[in-house]
Amino acid sequence: MHAFSYIDGQLHCENVPLQSLAEQYGTPLYVYSGNTILDHYQRLDLALQGLDHEVAYAVKANSNLSVLRLLAQAGAGFDIVSGGELYRVIKAGGDPAHCTFAGVGKTRDEIIYALQQGIYCFNVESAAELAYLNEVAGELGVVAPAAVRVNPNVDAKTHKYISTGKSENKFGIDFDAIEALYDKAAVDWKNVRMRGLQMHIGSQLTSVQPFVEAVKKVKPLAQTLKDKHGIEFWSIGGGIGIVYHDSLASGQLEWWQQKEEKPLTIEEYGAAVVPLLQDLGLKILLEPGRYIVGNAGVLLTRCLYEKKGSAKTFKIVDAGMNDLIRPALYEGHHEIAPLQETVGELVKADVVGPICESGDFFCQDRAMADFQPGDVIALLSAGAYGFVMASNYNTRPLPAEILVDGEKSTLVRKRQTLDDVLAGEL
Ligand code: LLP
């Protein structure tokens, strides 16, 4: 579900008209629906009923403190990938004892900080990292909880930049080498305790089949590690895809109806994986990011100019690839919805930003409502990997962020000023 819909011809987030937010806070502006975030979290929790489980929200998808606070209060754990993300989680009231620390390149400082804070587990991605974790924990006189990320060599069938579970990806350790590493850790590394096993095959998976394949493939290994080394959890990662092609904007058939495809639903995901995991007796962790926040956010941007060339029409808006990089980096699709519902003919145009790069577009040759300079549009499904990937490229201040709850909207991050952007430079 998501909470962006037209009420009396005006696009709303929950009960707040987005036009009023654009006027009050300016554009570009990220707006999140708090109730959509909670609904997704709860639906996932429900879909995993029958399993001893924990949802460790992947902080990287959207790390605004208010979003983290919402999820912490709902009972979520957190999957972090840096000392900075751990710092955020703690600031937001999250419990380090429910944090897993992922990533291929943890630094000494990050390891020390996470050990001091008492995180639940380090998800380790190489033998060298496990040895180093043992060394640093030894210096501190503590035992570090660890899990190894297994690379199951399964094709996630997603964009090559967000596919992680194949042998040629930099992530995890080859399936065949895992058991020997746990054996070695038990004998040689007294300052690590192997607490679990982890995997993650990629992001934005739109079919349940690769998840099932990976779970089936790794399950015997999880069983062996439990029997032999007493591991207590298995994290099966994140990656649950969302629907980016939404009929809201175009009024046309939903894309899966056109393509005779169906999106992956969380209920379908649960129904497929829960029965496979039930008899293991391990705690199952999930690390969803996009599923929780992706469709809970939009990026509002105002049209500045229209340019009709001989080959194309360009609608130039005030957000750029520095604010939302997904189209440029992954050919990501974001629906475009004008804030005022329109019923007229669609026009074919490119929506482009002000950045001096040809890759600075939000869509190309797409049929859309014929919005005009001055009008504000929403780029949908921008709640995940939107603001968090924004940069100051072209010395553009980072946008503001708003969190909506029913009729109420709260500024949860101020728009950067130019002095904020330059702070720290000499
Ligand atoms: N766990 C691990 C170890 C991960 O690397 C990731 C995402 C997740 C969980 C969460 O995946 P999710 O449930 O959100 O798919 N910037 C890209 C996505 C990068 C994903 C990186 N890892 C995008 O905008 O599509």
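First listed ligand is number 1; within each ligand, the first listed atom is number 1.
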So for ligand 1, is [X] a polar contact partner (N or O within less than 3.5 Å, distance only)?
X	answer
Gly289	yes
Tyr291	no
Gln198	no

### Message
Looking at ligand 1, is there an atom of it that comes within less than 4.0 Å of some heavy atom belonging to Gly239?
### Response
yes
### Message
With a 4.0 Å cut-off on heavy atoms, is Ala384 in contact with ligand 1?
### Response
no
Against heavy atoms of [X], which atoms of ligand 1 measure under 4.0 Å?
X	value
Glu287	1 (N), 2 (C), 3 (C), 8 (C), 9 (C), 10 (C), 13 (O)
Arg326	23 (C), 24 (O), 25 (O)
Met389	16 (N)
Pro288	13 (O)
Arg149	3 (C)
Asp79	1 (N)

### Query
Counting N and O atoms only, with roles assigned by atom type, does the side chain of Arg413 sit under 3.5 Å from a partner on the main chain of Leu65, one being a donor and the other an acceptor?
no
### Query
Ignoring hydrogens and geometry, is there a side-chain-to-backbone donor-acceptor pair from Glu287 to Ala56 under 3.5 Å?
no
Under 4.0 Å, heavy-atom basis, I'd like to know which part of [X] is in contact with ligand 1: side chain, backbone, both or neither.
X	answer
Ser203	both
Arg290	both
Lys60	side chain
Leu329	neither
Tyr330	side chain

## Note on the structure
Between Glu125 and the options Arg149, Gln198, Lys170, the side chain to side chain donor-acceptor pair (under 3.5 Å) test singles out Arg149
### Message
Between Asp350 and Lys312 (salt bridge meaning N to carboxylate O under 4.0 Å), is one present in this structure?
### Response
yes
Does the side chain of [X] reach to within under 4.5 Å of the side chain of [Y], using non-hydrogen atoms?
X	Y	result
Val192	Leu130	yes
Gln117	Ile90	yes
Phe122	Leu133	yes

### Query
What orientation do Tyr182 and His229 show, parallel under 30°, tilted 30 to 60°, or perpendicular over 60°?
tilted
### Message
For the residue pair Lys315 and Tyr305, would you count it as a cation-pi contact if the rule is NZ or CZ under 6.0 angstrom from the ring centre and within 45 degrees of the ring axis?
### Response
no
#### Entry: Ring-face cation of Lys283 near Tyr120 (centre distance under 6.0 Å, axis angle within 45°)
yes
